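Values in this document were obtained by computation on a predicted structure and should not be read as measured data. Just so it is clear, the values below take in all heavy atoms, side chains as well, and ignore hydrogens, waters and symmetry mates.
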Amino acid sequence: MNMDWLNTVSQRELEQFKSVCNQLLSRTYIVRTIYKPDKGRVNNPDYTFLSIHYEEVQQYLSLLDWDLRKDDLNGYFYVLNTDEANRCNLDKKETAILLAIRMIYDENQEQLGLEQDAICTVRDLLEKVVTDYAVLPAKPNMEEVKRTLTRLENHSIIQRIDGKFNQGACKFAILPTVLSVVSSEKLNSIVSVLRKEERDEETEEDSVD
């Protein structure tokens with residue numbers, strides 16, 4: 001990497017460079033727009049910075065075995081570890097909630113605005129998980145829901161807009177980053193596996209009874 005660029009930037013640009021790199025390593029994604037309570041959706045200055053300095057950040061992160069990529073159509077940057085390390089592993093309930101979020105995003109794609117975010121409430125999500133999509137036989141408790149949604153927000157897959165994640169009325173945005181987390185190819189196969197596991201567990205319980 002040519003380090004000359006870092007030696008010529010202003011202190012403000014250097015601080016933003018460090019902030020952007022740390023965000024990518026800790027949160028995986030940087031999206032084009034973010035939600036501000038007093039302004040609604042606004043352009044993300046870190047996304048703008050990355051758009052301008054993509055090559056410099058990419059070269060720097062490559063030294064740390066991270067590959068910076070971008071999805072111009074859906075509006076986000078993300079990193080992949082070239083050694084396939086630092087993966088985020090989800091348990092069964094977390095996976096089911098993530099899949100439901102992905103399917104809700106698909107359902108709303110025709111109505112998405114320029115920000116490309118699908119708006120949802122926790123109550124709607126849980127209804128989809130158990131009834132419409134049937135990826136879980138019963139609703140998880142609200143602390144499990146809160147823990148899962150907080151984890152997804154920490155990785156820039158969703159963003160809370162109003163309320164708390166352990167409240168049914170809590171409103172949040174599903175970000176387009178969910179498209180790369182769960183690809184269309186994987187979606188149906190994972191849902192089928194979850195549903196099969198639930199049927200098998202129910203059969204075992206009936207046999208014991």
I need the minimum non-hydrogen distance between [X] and [Y], along with the two atoms involved.
{"X": "E94", "Y": "T148", "result": "CG-OG1, 3.2 Å"}
{"X": "Y76", "Y": "P176", "result": "CE2-O, 3.5 Å"}
{"X": "V145", "Y": "P140", "result": "CG2-CG, 3.8 Å"}
{"X": "Q16", "Y": "D46", "result": "NE2-OD1, 3.2 Å"}
{"X": "N166", "Y": "E143", "result": "ND2-OE2, 3.6 Å"}
{"X": "F49", "Y": "E13", "result": "CZ-O, 3.8 Å"}

Could you tell me whether the side chain of [Y] reaches within less than 4.5 Å of the side chain of [X], counting heavy atoms only?
{"X": "L25", "Y": "L61", "result": "yes"}
{"X": "D117", "Y": "V31", "result": "no"}
{"X": "R160", "Y": "E153", "result": "yes"}
{"X": "F165", "Y": "L152", "result": "no"}
{"X": "I119", "Y": "K171", "result": "yes"}
{"X": "L125", "Y": "L149", "result": "yes"}
{"X": "V181", "Y": "Y29", "result": "yes"}
{"X": "T33", "Y": "L175", "result": "no"}

Atom pair [atom1] ([X]) and [atom2] ([Y]), whose distance is rounded to the nearest 0.5 Å:
{"X": "N43", "Y": "K36", "atom1": "CG", "atom2": "NZ", "value": "12.0 Å"}
{"X": "D65", "Y": "T82", "atom1": "CG", "atom2": "OG1", "value": "4.0 Å"}
{"X": "L90", "Y": "T95", "atom1": "CG", "atom2": "OG1", "value": "4.5 Å"}
{"X": "Q167", "Y": "M142", "atom1": "CD", "atom2": "CE", "value": "8.0 Å"}
{"X": "I174", "Y": "R102", "atom1": "CD1", "atom2": "CZ", "value": "10.5 Å"}
{"X": "C21", "Y": "E56", "atom1": "SG", "atom2": "CD", "value": "11.0 Å"}

So, does [X] use its side chain to make a donor-acceptor pair with the main chain of [Y] at under 3.5 Å?
{"X": "S156", "Y": "I30", "value": "no"}
{"X": "Q159", "Y": "I34", "value": "no"}
{"X": "Q58", "Y": "L68", "value": "yes"}
{"X": "S62", "Y": "Q59", "value": "yes"}
{"X": "R27", "Y": "N22", "value": "no"}
{"X": "R123", "Y": "L126", "value": "no"}
{"X": "E144", "Y": "K93", "value": "no"}
{"X": "S180", "Y": "T177", "value": "yes"}

Mutual orientation of the aromatic rings belonging to F77 and Y47 [parallel < 30°, tilted 30-60°, perpendicular > 60°]: tilted
Full working for side-chain contact (heavy atoms from CB on, under 4.5 Å) between L98 and V178: CA-CA 8 Å; L98 173 60; V178 73; 4.3 Å; yes
Basic-acidic side-chain contact under 4.0 Å: K18, E15: yes
Derivation of the side-chain contact (heavy atoms from CB on, under 4.5 Å) call for H53 and F17: CA-CA 9 Å; H53 300 293; F17 174 84; 6.0 Å; no
Candidate pair K128 and D124, rule salt bridge (Lys or Arg N to Asp or Glu O under 4.0 Å), full reasoning: CA-CA 6 Å; K128 297 288 187 181; D124 292 338; over 6 Å; no
Atom CD of E55 with >12 non-hydrogen neighbours under 6.0 angstrom: no
